[in-house]
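Step one of this worksheet: look at the structure below.
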Amino acid sequence: MNDGFPLRPDAAASSRPDAAASSRPDAAASSRPDAAASSRPDAAASSRPDAAALSRPDAAASGAFREAYAELHCLSAFSFQRGASTAAELFERAARLGYRALAITDEATLAGIVRGWQAAREHGVELIVGAEFRTQCGIKIVLLVENHRGYEALCGLITRVRGRAPKGEYRLLETDLDELDGGDDLFALWIPESVPDPAIGQRLARAFPGRLWLAVELHYGFDNGCDNAARLAQLQALADALGIPALATGDVHMHARGRRALQDCLTAIRHHQSVFEAGDALFANGERHLRSRDALSAIYPAELMAESVALAARCRFDLGELRYTYPHEVVPDGKTPAEWLRELTAEGCARRWPESVPEKVARQIDYELTLIEELGYEHYFLTVHDIVAFARGQHILCQGRGSAANSAVCFALGITEIDPSESALLFERFISRERDEPPDIDVDFEHERREEVIQYVFRRYGRHRAALTAVVSHYHAAGAIRDIGRALGFAPERIDALARCAGRWTDHIPDEARLREQGFEPEEPMLKRLLVLAGTLVGFPRHLSQHPGGFVISDAPLQTLVPVENAAMPERTVIQWDKDDLDLVGLLKVDVLSLGMLTVLRRSLDLLRLHRDIDYELATIPKECGETYAMIQRADTIGVFQIESRAQMAMLPRLKPAKFYDLVIEVAIVRPGPIQGDMVHPYLKRRNGEEPITYPSKAFEKVFERTLGVPLFQEQVMALAVEAAGYSPGEADQLRRSMAAWKRHGGLEPHRKRIVEGMLERGYELSFAERIFEQIKGFGSYGFPESHAASFALLTYASCWLKCHEQAIFACALINSWPMGFYSPDQVLQDARRHGVEVRPVDIRTSQWESTLEPAPDSTGALAIRLGLHMIKGLAESDGERLLAARDTPDCNSVERLAARSGVKRTVLSRLADAGALERLAGDRHRARWATAGIETSLPLFAQADVEIVADAEEEALVLPAIEVGEAIKADYATLGTTLGPHPMSLLRQRCHAGDIRGLGGVVDSKRLATLPSDIGVTLAGLVIGRQRPGSAKGVTFLTLEDEFGMVNIVVWPNLAVRYRRILLESRLLRVTGKLENQEGVRHIIAKRLIDLTGMLEGLSTRSRDFH
Amino acid sequence: MRWACLLFPRLALEGALRRRSDPTAPFALIEGPPQRQHIRAANRAAREQGVKPGQALGFAEALCGQLETAPFDVESVERWRRRLATWAYGFSAQVSLHYPHALVFEVASSLDLLGPWPRLEARLRGELAALGFSHRLVIAPNPAAARVLVNVHDGLAVDEAGLESALASLRLDRAGLARLESDNDIVQTLNRSGFQRLGELFGLPRSALARRFGSGLMRHLAELRGEWPLALDYHRPTPRFSRTFEFDRPVHAIAGLAFPLKRLLQELGVFLMGQDAGVERFCLAFELEDGLPQTFEIGLISVQRDPDTLLELTRAHLERVRLAGPVMTLRLFAPRLSAYAPTRRELLEGPARQAQAWAALHQRLVARLGQPALKPLVEHREHRPEKAVLNGAGPRAREASIGPPRPGWLACAPQRCDGDVVQLLAGPERIESGWWDGDDIRRDYYLAQWADGRHAWVWCEPGQQGWYLHGWFG
């Protein structure tokens, strides 16, 4: 402890109590801890009676000694784990306090600058762009941007210092400062340490001649024996000695004092400590907020504040000056973009319609091209086309989606496969004249080959001109509770339990009832504190991550527009802006996404070509096939795209899709939103004619006709706003954006007025208009874009057609593309076998790495699936290839030779033996395993020589126990994840006794179940292959049981689920007694009683009864 | 020779349950890193609610709300096993801890004294039940066979004639094969080749087995059948020290104990030297002429064996003792010895010497005042002065850095002092911190000159009247 108290003569001379009392800053602001706990911590601050500060600056010019002020050193929430206020909060308060300008100077990042720019425009306070840095040797500076060139210099510097550090960090070297050309177009503020080192000041003054200021930051600290006055005197003397000007800055970390608790928590989180442990890592007080100008005048001399304002006035850069240029490569020399796009479109049309383009389509294309040219979006389409053309050249299947993706031009260019001449879709969300934003096209590629496309983009445009966009991850409730819980020192188990109360992805802090239910006492002060703070933290940015596939490509190096940093994945770079920030400066973004089903479809089409000699593309697969729709209506859709889940399969027999547009609706309607919004039942009733289809007006009819009057799509809301409330299409798109965001950010209220007034003008009643608005509001969270649904439905149809007509091909492509989709290879193969497809075991003599197709013997033209080595669990592909190469050598007719020639380890061969893949070389699994165990480990050394193995006569005679069916099934599941032998259920049925009610006595199978009338009691048993408790189902558990004939859905109500909790969690074989329900062809059992039969499975593989 | 094998299937759990007030309440031992803790063992009450070994802790807690847990502790299991071995030493001179979770010991030689076997068996079981350890017991012609048979039998007594058939019916996974070679899973290979029981292996050609599984398996099979002698290391109970000094005449004063005490401690020192060990604590018991014996435990900060040091510390302890009556006998008892590392002598003994001096002072203070009276001060660099010094354990102290000046003497509680401040010398230092524990403060601190010229540390609350004195600068 420091006992010596350095006395300053000047301070000793002034008698302070009165002076201190009169100049005590922010006298009214006292946010007590309990106040912070009982309400949102900032509420106390923003509602405090700081009357002078509340008035607008211009109106309150009467304040005699309030100096003008501009804050030049302020962190926002984008200085992760430091800044405790968002840009919106900062600017709102800066405006109230009458600041001339506010600099957002986040630490080595511009990730929050677009938000700052928006907030600045909204609140009418000028934004100064800047960033704070700390060099490796501890020098702390703030750089402010003077003009556009300064902005480019700052972006370049951030890119440089981040490029040499791992993700999320930066390294600023002193030499970087010298490379800034004397700091032209930038201004530098030096933030001295508590013991300032004049040498650093001199060093910086040399690096920034005439552009360096000394920032005086006073926070009533007492570091090194200096109070405010002493510190001020010290720094002013220092500035004089160095010959540089000083100015006042605030080192702002939060907008108001009430954020102190959250700021402390963030600091503690940053240090991986609790606030109890963090000690003096926390700030000593809450002064680092935007202080009133009164409070600042009391501690800063007027000239320092004036200097801040003067410097702020010299910063003239506005983000709006940024100009984005499309990459030039996509247009060949000597052509204009418009000419080239027309040329490519014409070529595409010739390919799509070899005879002649239908007139309707031709007109559509012409209209679209004119609009594209008018708005100057040729480059966008050309860039997407360039990527898609590359993929096609590489035989990679892709499909565009999004508003513009389903245009006729995109069909001609091959970006989408939805044929405009055959669909009657209306796409209001194409590009509109009002909107000064590029259209949005997402392109899905085969999931296994997307990386090739990504690397192509990097190759073609260069690493400095192409990068992925960032995604700002925001705090959800659970994450906020976890972080704050740790900061408050809660035990890990309690934090886990609390976070579970919140659930995943929600932004809602759990309410009292939920907490009590989980055994928490919501009144407990510590818990209250946690919940309030976590509630504030929700919605804060947490970190930047990489967008799954959103590319930005620019003609000039990207770092002249925005800083670029390293991603977590090697060989990827990410810009610092979120995808939503891009639109504001008109940056081109192309989404290069991956989709497993495209891999399946490409494989299927390849197999079709190989085995059937049929050359289809997505667009040429026979349309509107009745058989296919019949299959869909039976919900016989295991493995197809989108309509394969339990919920979707339950809907199909009711919705009975019979044409392509029905599939579009099916894809969009079975989603949590429409289910919770109760849109499903009205639609079904209307479709089945149980409810009349009515429209309040002609306008409504026009918009909602195709969905029978039920709002399903985002596009419909936009169209409604246009038709019924007089919106322009551009405004309608704004409405769509606000709808998507209102829950987090608010902002729908202006639309309420607009919509209600617009509807009143058009003769609707007030109450009706209000109701429509509420519906729109509720709709915001779940509306699915029709344009996406249509693209998905195309893939759904294609996969269904293949499944319907080419079961073997489709199943084979599916299991080769795994992991993907909803079902395991086992379920896909079981399904294929139920449809009569022969599946043949893995066999080292004939299998390939992937599963393949072989002609079935009965000359019906049917194909059989030969499982590939990839099915064997734990077998590395490299080992598989060596084995395949070895088995193709002449006379490779023994396990020993296979081992010697392939050189794989004995454990690899053991896997093959256990999987039954060596059967034709070495006999059944037992013999094969025994043989592999006998291979001498030293053999690979002689692999070249191919030694002959002299088998022991004694061994030849050895008789091993034969394998039994149950044992083989168990081995199948263990090594392949599936079995080609009898289903375990059929084996168990053979062994059961009729009267055994704790076994399989009295049990029906799923085939018989399908014939039973509904509302009767049934008992059924099967393997548990699915357990689901969807959030939308209010605690209901759905079980899927499988037996040898198919799958059955079981519904377990919450009260029963509690009683049978263990069985639900643990059992693998289950006996269910309950009531059979049949709703429009959808069958399920409402469970009443569950018995765990897992033990019977264990017994299946043992040869004889065990003693122990 | 006949060998008994005792298997303790729930040793860790039962060891831990012995220390619990209610052993019938749901309880489980857990292991694994903090994020992935799982159940190692659970008692009956917990098992009845579905808690099973291997379950994730969170899952088990979901099944059984009132589940209490303790970490699985290998050390304590081994301690228990050694204690049990010491107990078994009472029945056999050849007790081995060779096999995990089990004890094997030779009983043939003891049967003359303690037999016949059924009688000895009943006695062993009776004593184990009293200790609270569930167990299984098998007696067989060799220790290896006894060990594998106890996996599936309890109470089996096999002689040479019955050994082969008893072994033959053993399932392979229970036959101790898994321990033989870690990189080659013998049991799995045999199972997957169709073999299930040990007897099937006995029938196989030796060459076929040896080629596949090497000498380890052959040797194990031979050991089981008693064809290959098994060399075990035997357990010797840990030595302890206990000496008694009887007085001819009752001793009335502590001073009269000094000489005998010195002698006993010297004996202890010699004993410890012989064992190459030291003590961390030992007991002194005074048997009184009338009344209950008086016992003192003398705990040391570090392991010691130097008689002089021990005497000095013991004396300091005894200074606080009042004899309850005349002492008839003095007993010195060291129940456990500890490994002793002699202090190294460095060439230059500067700071090390100081550290030793400090440790010695600490030991003396503890000896005189008792352990609870002595607590370290921990500096916690908190902003709130009241919380900046903690007594005893606290958060890890942060590295010292230049901080604000603090007075050398801090008042326990700030006192109101409106009239006495003559002049404020420096400040304010605003401290606004501590919302997390309900003690949020908001104060402006000043260095002030007191009426008598002293320098005081005072504060006022911003916006409030009144001054408070919080400390004095030296």
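Within every chain, numbering begins at 1; the chains are lettered A, B, ... in the order of the sequence lines, protein sequences first and strands thereafter. It should be emphasised that the depicted structure is a prediction, and the values quoted were computed from it without experimental measurement.
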Given side chains that start at C-beta, do those of A/E967 and B/N191 come closer than 4.5 Å, heavy atoms only?
-> no
Before accepting this row, confirm whether a basic side-chain N of the pair A/R260/B/D440 lies closer than 4.0 Å to the acidic partner's carboxylate O.
-> yes
Sort B/D437 into side chain, backbone, both or neither according to what part of it lies under 4.5 angstrom from a heavy atom of chain A.
-> both
Can you check whether A/D280 reaches B/E382 side chain to side chain, under 4.5 Å on heavy atoms?
-> no
Taking all non-hydrogen atoms of both residues into account, name the closest pair between B/G194 and A/P961 and its distance.
-> O-CG, 3.0 Å
So do the side chains of B/Y446 and A/D227 get within less than 4.5 Å of each other, counting heavy atoms only?
-> no
What residue, out of B/S193, B/G50, B/G471, has the most heavy-atom pairs lying under 4.5 Å from chain A?
-> B/S193
Measure the shortest side-chain to side-chain distance between A/V275 and B/W435 over non-hydrogen atoms and say whether it is less than 4.5 angstrom.
-> yes
Nearest 0.5 Å please: distance from the CD atom of A/E1066 over to the CZ atom of B/F59.
-> 5.0 Å
Measure B/L190 against the heavy atoms of chain A and call it side chain, backbone, both or neither at under 4.5 Å.
-> side chain
Sort A/L282 into side chain, backbone, both or neither according to what part of it lies under 4.5 angstrom from a heavy atom of chain B.
-> both
Report yes or no: does B/R211 contribute a side-chain atom to a donor-acceptor pair with the main-chain N or O of A/G934 at less than 3.5 Å?
-> yes
So which part of B/Q49 gets closer than 4.5 Å to some heavy atom of chain A, the side chain, the backbone, both or neither?
-> backbone
Side chain proximity check, B/R212 to A/W930, heavy atoms < 4.5 angstrom = yes
Taking atom CZ of A/R1061 as the centre, does the number of heavy atoms from other residues, nucleotides or ligands within less than 6.0 Å exceed 12?
-> no
Atom CZ of A/F222 and atom CD1 of B/I431: how far apart are they, to the nearest 0.5 Å?
-> 10.0 Å
Would you give the length of the straight line joining atom CD of B/E61 to atom CD of A/E493, rounded to the nearest 0.5 angstrom?
-> 6.5 Å
So OG of A/S910 and CZ of B/R192: to nearest 0.5 Å the spacing works out to 9.0 Å
Side chain, backbone, both or neither: which part of B/Q37 has a heavy atom under 4.5 Å from chain A?
-> neither
Hey, are B/W436 and A/D264 close enough side-chain-wise for a donor-acceptor pair under 3.5 Å?
-> no
Among B/E429, B/R442, B/R430, the one residue meeting side-chain contact (heavy atoms from CB on, under 4.5 Å) with A/N285 | B/R430
